[in-house]
Number of protein chains: 2
Amino acid sequence: MAALKQKISEKTVERLSVYRRHLKELQKKGKTRVYSHELAQIVAGTPAQVRRDLMQVGGNGCSSKGYEINLLSDEISELLDYPEKQNVALIGVGNLGRALLGFFSGSRENFDIVATFDNDPDKCGRIICGRRCYNADQLKKIVGEKKISTAILAVPAEAAENAVKDLIDAGVKAILNFAPKHITTNSNVFIQTIDMTMALEKAIYFSHKNTYAKESQHERNRKNYQSTF
Amino acid sequence: MAALKQKISEKTVERLSVYRRHLKELQKKGKTRVYSHELAQIVAGTPAQVRRDLMQVGGNGCSSKGYEINLLSDEISELLDYPEKQNVALIGVGNLGRALLGFFSGSRENFDIVATFDNDPDKCGRIICGRRCYNADQLKKIVGEKKISTAILAVPAEAAENAVKDLIDAGVKAILNFAPKHITTNSNVFIQTIDMTMALEKAIYFSHKNTYAKESQHERNRKNYQSTF
DNA sequence: CTCTAGTTGTGAAATAATGCACAGCGTGAA
DNA sequence: TTCACGCTGTGCATTATTTCACAACTAGAG
Ligand SMILES: NC(=O)c1ccc[n+]([C@@H]2O[C@H](COP(=O)([O-])OP(=O)(O)OC[C@H]3O[C@@H](n4cnc5c(N)ncnc54)[C@H](O)[C@@H]3O)[C@@H](O)[C@H]2O)c1
Ligand SMILES: NC(=O)c1ccc[n+]([C@@H]2O[C@H](COP(=O)([O-])OP(=O)(O)OC[C@H]3O[C@@H](n4cnc5c(N)ncnc54)[C@H](O)[C@@H]3O)[C@@H](O)[C@H]2O)c1
């Protein structure tokens, strides 16, 4: 068995999340075992990379039979999740916020959006997608009461910086930021920015320059252009 | 002057997009010059990295005065953009699709969402956010007619794979995929997946393990945890 | 039982990305 | 004019990440 408490790289965490989602789909289909090369296709990686990732969660592939799906899924969950379901807040219940709320409100096993916040008086106090919308000035109070560890930030770019300050001040430990603004902090709160404008500009850029196809001599036929993010 | 037609790395393209957006904000504020260390803060990188990125666009910094904002912004645009505004399609006008449509419909200089597609009869034929919604079976026709190079994919995960096939078949050259499904192709169409579930799970993971703070001996005080994506 | 085919786990090599550190230059002060 | 300062451009070191390649193992066929 591999070393248990190694530091797991960000990239690996990303892929583990993707593996797990796919494993659950395979479970539904009734499959019980899976090979590294099958998982590799999903993240457009190599079998070796998959095996490396899976080693970090306790590597128990079986030669010739591959990995047992149920076990593997559970092991990934043990690593990624926490014993208690995590409470998440949504800040900014605008167009994107509402879409996210609907999306993440599906039955998730490991987290739950338990509160939303906005500073628009029309929204505060209402119940949106089954979640109470609080006024933004209640942030610290509610985050403390509900033990919220993570926040999804979907406020306008101008408001983002202050919102982050408030969130950190309120005790949140990670922020998933959708505002097109890359925010810095010197606390050790984890900030993950999803910059869709950047992503689209990048896609447009590579739509032409498919010189991007560096596809060197060794004809890697399984890896097709794609990136996880 | 640096070599012009080098292959520019994906990461660099991402950062260039972010730099440019920030440069435009600075322009509005009336600033005319900027230093690498100022830009570095924005992407939570180092000044050296910024300079390296900027060299690829023709490196025009002036000792002691930094970079001229107008010039730099134009140079990045010349590199990232194309002479003609690019036409983009949106596939799937659901909750997320509509939010994206509103968001990207703002006056963008370098691209424009010119058509949307859905297979829900209630939506087809209507005008949504000022854009005509076509039936999905019109895809190939419209993509050809309107010279659409890039597509934003916001259909349910089950439909994503086929939609990608159709898009590639229709001649699209890049896809920004929001379905939580990592899609593979052996064409050299660029597929960029934005996997929000993964991003949130990752954020939740690092909300606790702030052992993530590997912050080794050399006390990097300016770099704060953050990632571009 | 033996052999073959196919898979895992992993050291080591290769590649990619980042950061350091300094030469060289422009600017402003004296 | 001269000098000190601070910034750029960049070779090189460092670190992170991916890939190769192979020994060890398992199952199944004969
Ligand atoms: N809509 C999209 O598809 C999309 C895509 C990419 C990025 N974004 C970004 O996501 C963010 C939200 O986008 P949107 O389209 O939902 O905008 P929106 O204007 O529809 O919603 C913003 C919401 O935030 C609320 N708000 C403003 N300041 C606040 C504060 N200080 N505290 C709490 N709430 C506050 C507003 O009342 C509003 O309800 C923006 O930063 C936008 O740039 C949106
Ligand atoms: N809503 C979110 O915030 C969110 C967040 C992350 C990811 N996603 C993903 O984005 C996608 C869209 O999410 P949503 O919330 O907008 O879902 P939605 O159900 O509201 O919208 C999906 C739309 O796609 C249309 N559609 C279905 N099949 C189609 C096809 N073959 N061709 C064209 N159109 C088709 C449907 O008619 C519907 O209008 C999903 O894959 C979802 O997992 C959504």
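Just so we're on the same page: letters track the sequence lines, and every chain starts at 1.
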Residue-phosphate contact under 4.0 Å: A:T46 side-chain N/O, D:dT18 OP1/OP2: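 So the side-chain polar atoms of A:T46 never come under 4.0 Å of the phosphate oxygens OP1 or OP2 of D:dT18.
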Short side-chain N/O contact to C:dA12 OP1/OP2 from A:R52, under 4.0 Å: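 False: A:R52 side-chain N/O out of range (4.0 Å or more) of C:dA12 OP1/OP2.
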Measure the distance from [atom1] on [X] to [atom2] on [N] and round it to the nearest whole Å.
X     : N      : atom1 : atom2 : result
A:Q49 : D:dC20 : CD    : P     : 11 Å
B:Y67 : D:dG6  : OH    : P     : 18 Å
A:I8  : D:dA16 : CD1   : P     : 16 Å
B:D53 : D:dG9  : CG    : P     : 12 Å
A:E68 : C:dT8  : CD    : P     : 14 Å
B:R51 : C:dC20 : CZ    : P     : 11 Å
B:R15 : C:dG19 : CZ    : C1'   : 12 Å
B:L39 : D:dC7  : CG    : P     : 13 Å

Sugar-phosphate only, base, or nothing, as touched by B:N60 at under 4.0 Å among non-hydrogen atoms: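 Sugar-phosphate contact only - B:N60 comes under 4.0 Å of backbone atoms but never of a base.
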Crowding at CD, A:E25 (>12 non-hydrogen neighbours, <6.0 Å):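 Count over threshold, so yes.
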Greater than 12 external heavy atoms within 6.0 Å of A:Q27's CD: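 It does: A:Q27 CD has more than 12 such atoms within range.
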Lys NZ or Arg CZ of A:R51 over A:Y19 ring: under 6.0 Å, within 45°: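 No; the conditions do not both hold, so A:R51 does not lie above the ring face of A:Y19.
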Charged tip of B:R20 within 45° of B:Y67 ring normal and under 6.0 Å: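 No; the conditions do not both hold, so B:R20 does not lie above the ring face of B:Y67.
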Side chain A:K181, main chain A:T193, donor-acceptor under 3.5 Å: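 No; judged by distance alone, with no hydrogens or angles, the pair does not exist.
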5' priority, DNA chain D, between B:H37 and A:S9 [closest heavy atom]: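 Taking each residue's closest nucleotide, the earlier one in sequence belongs to B:H37.
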Between B:S149 and B:Q86: side-chain donor-acceptor atoms closer than 3.5 Å: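 There is such a pair (donor and acceptor under 3.5 Å, judged by atom type) between the side chains of B:S149 and B:Q86.
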Geometric class of the A:F104/A:F111 ring pair [parallel <30°, tilted 30-60°, perpendicular >60°]: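 Perpendicular, since the angle between the ring planes exceeds 60°.
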Listed nucleotide nearest any side-chain atom of B:K11, set C:dT18, D:dC20, D:dG9: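 Nucleotide nearest to B:K11's side chain: C:dT18.
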Summary of protein contacts for nucleotides 25-30 of chain C, nucleotide by nucleotide, where a base hit scores B, a sugar-phosphate-only hit scores S (4.0 Å, heavy atoms): BBS---
